Visitor: 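Have a look at the structure that comes next, please.
Counting from 1, the numbers follow the sequence of the chain as shown. Everything numeric here is computed off the predicted structure, so don't read it as measured data.
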Amino acid sequence: MLRVEMDRADIPNVGPGEPAATIGALATPALLLDKDRLDRNLARLSSLMGRQGVVLRPHMKTAKSIDVAQRIYPSGAGPITVSTLAEAEYFAQHGFRDITYAVGLAPHTAERAMRLRKAGVDLKVLLDSREQAIILGAAARAAGVTPSAFIEIDCDGHRGGLTAEDSKLIAVAAAVAEAGVKIAGILTHAGESYGLCAPETLEAAAENERAVAVAAAARLRAAGHECPVVSVGSTPTAHFAEDLTGVTEMRAGVYMFLDLVMHGVGVCTTDDIAISVLATVIGKKPEKSWILVDAGWMALSRDRGTATQRVDQGYGLVCDVAGKIYPNLIVSQASQEHGILAIRPGSTQALPDLSIGAKVRILPNHACATASQHEWYNVISAGSDAIEARWPRMRGW
């Protein structure tokens with residue numbers, strides 16, 4: 001039998017052993033999280049919402065980590081949003097009780113959600129049809145609980161929900177009440193804002209999101225339905241909203257880490273992006289002006305969200321091991337475990353001279369998608385090579 005001796009410090013990404021002491025000692029690919037940038041991003045949006053008098057309900061779909069949640073709420077568990085019931089269960093196990101599950105309801109999710117409700121979690125669900133109201137009511141009666149649901153409002157044609165003027169809005173609210181379900185309020189998401197890039201258009205998208213949400217809430221109240229919560233949210237509109245009159249809460253998720261899509265939208269600079277993927281040079285193709293690294297789409301994700309923006313960042317923007325960007329060096333191609341680094345088309349910048357074994361950091365297009373490829377965050381501070389902690393991420397649905 002072949003026996004292979006391995007130093008645990010060299011394989012921190014394959015088991016629960018002690019984390020590597022430095023960035024240089026990490027096996028690659030590995031996910032890095034700069035906690036100083038994280039904290040700065042958290043403080044920025046918290047301050048913006050504080051000035052607007054609006055509750056911030058962070059969307060944990062990006063981080064999926066109790067350690068990140070505790071950076072947001074160092075003194076206890078506050079309100080959060082989740083995208084999966086596995087997230088809801090995970091955060092409930094860590095003491096979070098005020099949770100919005102912001103994905104449309106199906107029979108199996110209604111039953112599972114009501115189990116959490118029965119366990120004492122104030123889990124609010126999302127629906128936009130009479131059929132879903134009936135399903136939720138039946139699941140609640142079977143569990144012996146009183147459910148709470150948001151009615152989803154479509155503010156920009158991005159996804160599901162009813163428009164504020166839809167004749168079915170009042171009928172759905174009536175069906176919710178008839179099913180014995182409490183109306184939590186209305187919830188909308190300005191998803192089309194991710195395709196914008198000019199401040200004036202982002203401000204307009206934020207105002208449209210607000211106006212549509214407030215109008216829908218007014219229609220429900222005029223029809224005799226309570227609508228205590230008016231919930232809006234996307235990272236772009238959260239940062240560009242000039243007026244949130246009538247809104248009670250803001251949901252956002254990617255604001256914690258930020259990414260190249262948000263940079264292209266105009267929400268942040270590259271210096272604000274808190275996560276990166278550490279990779280190692282494993283080959284060179286000078287005749288093609290390529291450098292090969294060991295981070296392909298399994299480490300970076302297949303997300304090409306910048307492809308339709310003014311600047312296409314390929315599969316990610318490349319930095320040196322200290323986080324300094326190499327001018328116009330991107331991951332131009334990615335296969336499962338290979339990334340090809342090349343100079344951006346149209347640039348006359350020279351390809352950096354990187355030796356085999358050299359390490360680089362890659363800024364992600366989409367923080368949620370890239371983080372989801374990894375089991376944990378290797379936590380660092382700005383300007384330091386030390387790995388300060390390893391924060392696990394939860395996964396699943």
Visitor: Tell me if a side-chain donor or acceptor on T22 pairs with a main-chain N or O of A25 at a distance below 3.5 Å.
Guide: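 The answer is yes, because a donor-acceptor pair under 3.5 Å joins these two groups.
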Visitor: What do the steps show when you test F150 against I186 for side-chain contact (heavy atoms from CB on, under 4.5 Å), and what is the final call?
Guide: CA-CA 5 Å; F150 284 103; I186 63 91; 5.7 Å; no
Visitor: Compare all side-chain heavy atoms of T84 with those of V103 and state whether any distance is below 4.5 angstrom.
Guide: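 Heavy-atom side-chain distance check fails, nothing below 4.5 Å.
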Visitor: Verify, without hydrogens or angle tests, whether R210 (side chain) and T245 (backbone) share a donor-acceptor contact under 3.5 angstrom.
Guide: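 Checked: pair present.
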Visitor: Could you tell me whether the side chain of K124 and the main chain of S148 form a donor-acceptor pair under 3.5 Å?
Guide: no
Visitor: M49 vs L45, test: side-chain contact (heavy atoms from CB on, under 4.5 Å). Steps then yes/no.
Guide: CA-CA 6 Å; M49 292 304 102; L45 190 56; 4.1 Å; yes
Visitor: With a cut-off of 6.0 Å (strictly less than), are more than 12 heavy atoms of other residues, nucleotides or ligands near CD of E131?
Guide: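 No, not enclosed.
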Visitor: Is there a side-chain contact between T248 and V54 (heavy atoms, below 4.5 Å)?
Guide: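 Side chain of T248 against side chain of V54, heavy atoms only: no contact under 4.5 Å found.
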Visitor: Report the C-alpha separation of R115 and R112 in whole Å, then their side-chain angles, then the decisive distance to 0.1 Å, and conclude whether the side-chain contact (heavy atoms from CB on, under 4.5 Å) test is met.
Guide: CA-CA 5 Å; R115 290 197 293 270; R112 189 172 167 189; 3.5 Å; yes
Visitor: Assess whether side-chain hydrogen bond (donor to acceptor under 3.5 Å, both in side chains) is satisfied between D154 and T163, documenting all intermediate values.
Guide: CA-CA 5 Å; D154 174 12; T163 65; over 6 Å; no
Visitor: Does R71, at its CZ atom, have more than 12 non-hydrogen atoms belonging to other residues, nucleotides or ligands within less than 6.0 Å?
Guide: yes
Visitor: Does H108 have any side-chain hydrogen bond (donor to acceptor under 3.5 Å, both in side chains) partners at least two apart in sequence or in another chain, and if so, which?
Guide: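 Partners of H108 under the side-chain hydrogen bond (donor to acceptor under 3.5 Å, both in side chains) test: none.
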Visitor: Do I170 and I183 belong to the same hydrophobic cluster, where Ile, Leu, Val, Met, Phe, Trp and Tyr are linked whenever their side-chain heavy atoms lie under 4.5 Å apart, directly or via other members?
Guide: yes
Visitor: Mind checking what makes ring-ring contact (aromatic ring centres under 6.0 Å, His included) contact with H366, not counting sequence neighbours?
Guide: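 Residues passing ring-ring contact (aromatic ring centres under 6.0 Å, His included) with H366: none at all.
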Visitor: Using side-chain contact (heavy atoms from CB on, under 4.5 Å), reason through I99 and T81 one step at a time and then give a plain yes or no.
Guide: CA-CA 6 Å; I99 302 175; T81 312; over 6 Å; no
Visitor: Can you spot which of I387, N378, T28 makes a side-chain contact (heavy atoms from CB on, under 4.5 Å) with I23?
Guide: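 Of all the options given, the one that passes is I387.
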Visitor: Under the 3.5 angstrom rule, does the side chain of S384 hit a backbone N or O of S381 as a donor-acceptor pair?
Guide: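 No, because the side chain of S384 does not come within donor-acceptor range (under 3.5 Å) of the backbone of S381.
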Visitor: According to a hydrophobic-cluster definition based on side-chain heavy atoms being under 4.5 Å apart (Ile, Leu, Val, Met, Phe, Trp, Tyr only), do I80 and V125 belong together?
Guide: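 Yes; V125 is reachable from I80 via cluster members.
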Visitor: Using 30° and 60° as the class limits, which term best fits the ring planes of F91 and F96: parallel, tilted or perpendicular?
Guide: perpendicular
Visitor: As a test of understanding, state which of L127, D128, D166, L220 forms a side-chain contact (heavy atoms from CB on, under 4.5 Å) with V172.
Guide: L127
Visitor: Donor-acceptor pair, distance only, cut-off 3.5 Å: does the side chain of E375 make one with the backbone of P392?
Guide: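 Side chain of E375 to backbone of P392: no pair is present.
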Visitor: Test your reading of the model: is there a side-chain donor-acceptor pair from T280 to the backbone of K359, 3.5 Å cut-off?
Guide: no
Visitor: Give, for atom OG of S65 and atom NE2 of H94, the distance between the pair rounded to the nearest 0.5 Å.
Guide: 9.0 Å
Visitor: Quick check on the hydrophobic clustering: are L187 and I151 connected, directly or via other members, by side-chain heavy-atom contacts under 4.5 Å?
Guide: no
Visitor: Whether E178 and R130 form a salt bridge (side-chain N of Lys/Arg under 4.0 Å from carboxylate O of Asp/Glu) is what I want to check.
Guide: no
Visitor: Give me the atom names and distance for the closest heavy-atom approach of A92 to L116.
Guide: CB-CD2, 4.2 Å
Visitor: For D39 and R37: C-alpha separation, side-chain torsions, deciding distance, then whether salt bridge (charged side-chain N to carboxylate O under 4.0 Å, His left out) applies.
Guide: CA-CA 5 Å; D39 289 344; R37 293 183 178 188; over 6 Å; no
Visitor: State whether the side chain of S129 and the backbone N or O of Q132 hold a donor-acceptor pair below 3.5 Å, judged by distance alone.
Guide: yes
Visitor: Can you tell me how far the CZ atom of R219 sits from the CG atom of L169, to the nearest 0.5 Å?
Guide: 5.0 Å
Visitor: Hey, is the main chain of I380 close enough, under 3.5 Å, to the side chain of E388 for a donor-acceptor pair?
Guide: no
Visitor: Linking I/L/V/M/F/W/Y whenever their side-chain heavy atoms sit closer than 4.5 Å, directly or via other members, would L42 and V55 fall into one cluster?
Guide: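 Cluster IDs for L42 and V55 differ.
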Visitor: Name the residue from L329, I330, T348 that meets the side-chain contact (heavy atoms from CB on, under 4.5 Å) definition with I343.
Guide: L329
Visitor: Could you state the interatomic distance from NE2 (H374) to OG (S301), rounded to the nearest 0.5 Å?
Guide: 9.0 Å
Visitor: List the residues meeting side-chain hydrogen bond (donor to acceptor under 3.5 Å, both in side chains) with R304, not counting sequence neighbours, and say none if there are none.
Guide: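 Applying side-chain hydrogen bond (donor to acceptor under 3.5 Å, both in side chains) to R304 gives D312.
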Visitor: Could you check R393, R395, K64 and say which one makes a salt bridge (charged side-chain N to carboxylate O under 4.0 Å, His left out) with E87?
Guide: K64
Visitor: Is there a donor-acceptor pair closer than 3.5 Å between any side-chain N or O of H338 and the backbone N or O of A334?
Guide: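 Such a contact is absent between H338 side chain and A334 backbone.
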Visitor: Flag yes if more than 12 heavy atoms outside E226 fall under 6.0 Å of its CD atom; otherwise flag no.
Guide: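 Incorrect, the count does not exceed 12.
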Visitor: Who pairs with S276 by side-chain hydrogen bond (donor to acceptor under 3.5 Å, both in side chains), at least two apart in sequence or on another chain?
Guide: R361
Visitor: Starting at CG of L354, measure out to CD1 of I291 and round the result to the nearest 0.5 Å.
Guide: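 One finds 4.5 Å between CG of L354 and CD1 of I291.
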Visitor: What's the shortest heavy-atom distance between N365 and G316, and which atoms?
Guide: ND2-N, 4.2 Å
Visitor: Side-chain heavy atoms under 4.5 angstrom apart, residues restricted to Ile, Leu, Val, Met, Phe, Trp, Tyr: same cluster for W297 and V360?
Guide: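 W297 does not cluster with V360.
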Visitor: Tell me which donor-acceptor pairs under 3.5 Å the side chains of residues 249-264 have, and how far apart each pair is, sequence neighbours excluded?
Guide:
residue	atom	partner	partner atom	Å
E249	OE1	R57	NE	2.9
E249	OE1	R57	NH2	3.4
E249	OE2	R57	NE	3.3
E249	OE2	S231	OG	2.8
R251	NH1	T188	O	3.2
R251	NH1	S231	O	3.3
R251	NH1	S231	OG	2.8
R251	NH1	V232	O	3.2
R251	NH2	T188	O	2.9
D259	OD1	V261	N	3.3
D259	OD1	M262	N	2.9
D259	OD2	A367	N	2.8

Visitor: Please, which pairs that meet salt bridge (charged side-chain N to carboxylate O under 4.0 Å, His left out) have at least one residue in residues 292-303, sequence neighbours excluded?
Guide: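 Non-adjacent pairs meeting salt bridge (charged side-chain N to carboxylate O under 4.0 Å, His left out): zero.
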Visitor: Would you compute the distance between atom CG of N208 and atom OG1 of T201 and round it to the nearest 0.5 angstrom?
Guide: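 One gets 12.0 Å once the value is rounded to the nearest 0.5 Å.
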Visitor: For T237 and S234, what are the C-alpha separation, side-chain angles and deciding distance, and is it a side-chain hydrogen bond (donor to acceptor under 3.5 Å, both in side chains)?
Guide: CA-CA 5 Å; T237 54; S234 76; 2.6 Å; yes
Visitor: Nearest heavy-atom pair of L136 and A149: which atoms, and what distance?
Guide: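 Looking at all heavy atoms of both residues, the closest pair is CD2-CB, 3.8 Å.
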Visitor: For V379, is there any backbone N or O sitting under 3.5 Å from a side-chain donor or acceptor partner on R390?
Guide: no
Visitor: Counting only heavy atoms not in K284, do more than 12 fall under 6.0 Å of its NZ?
Guide: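 Atom NZ in K284 is packed in, count exceeds 12.
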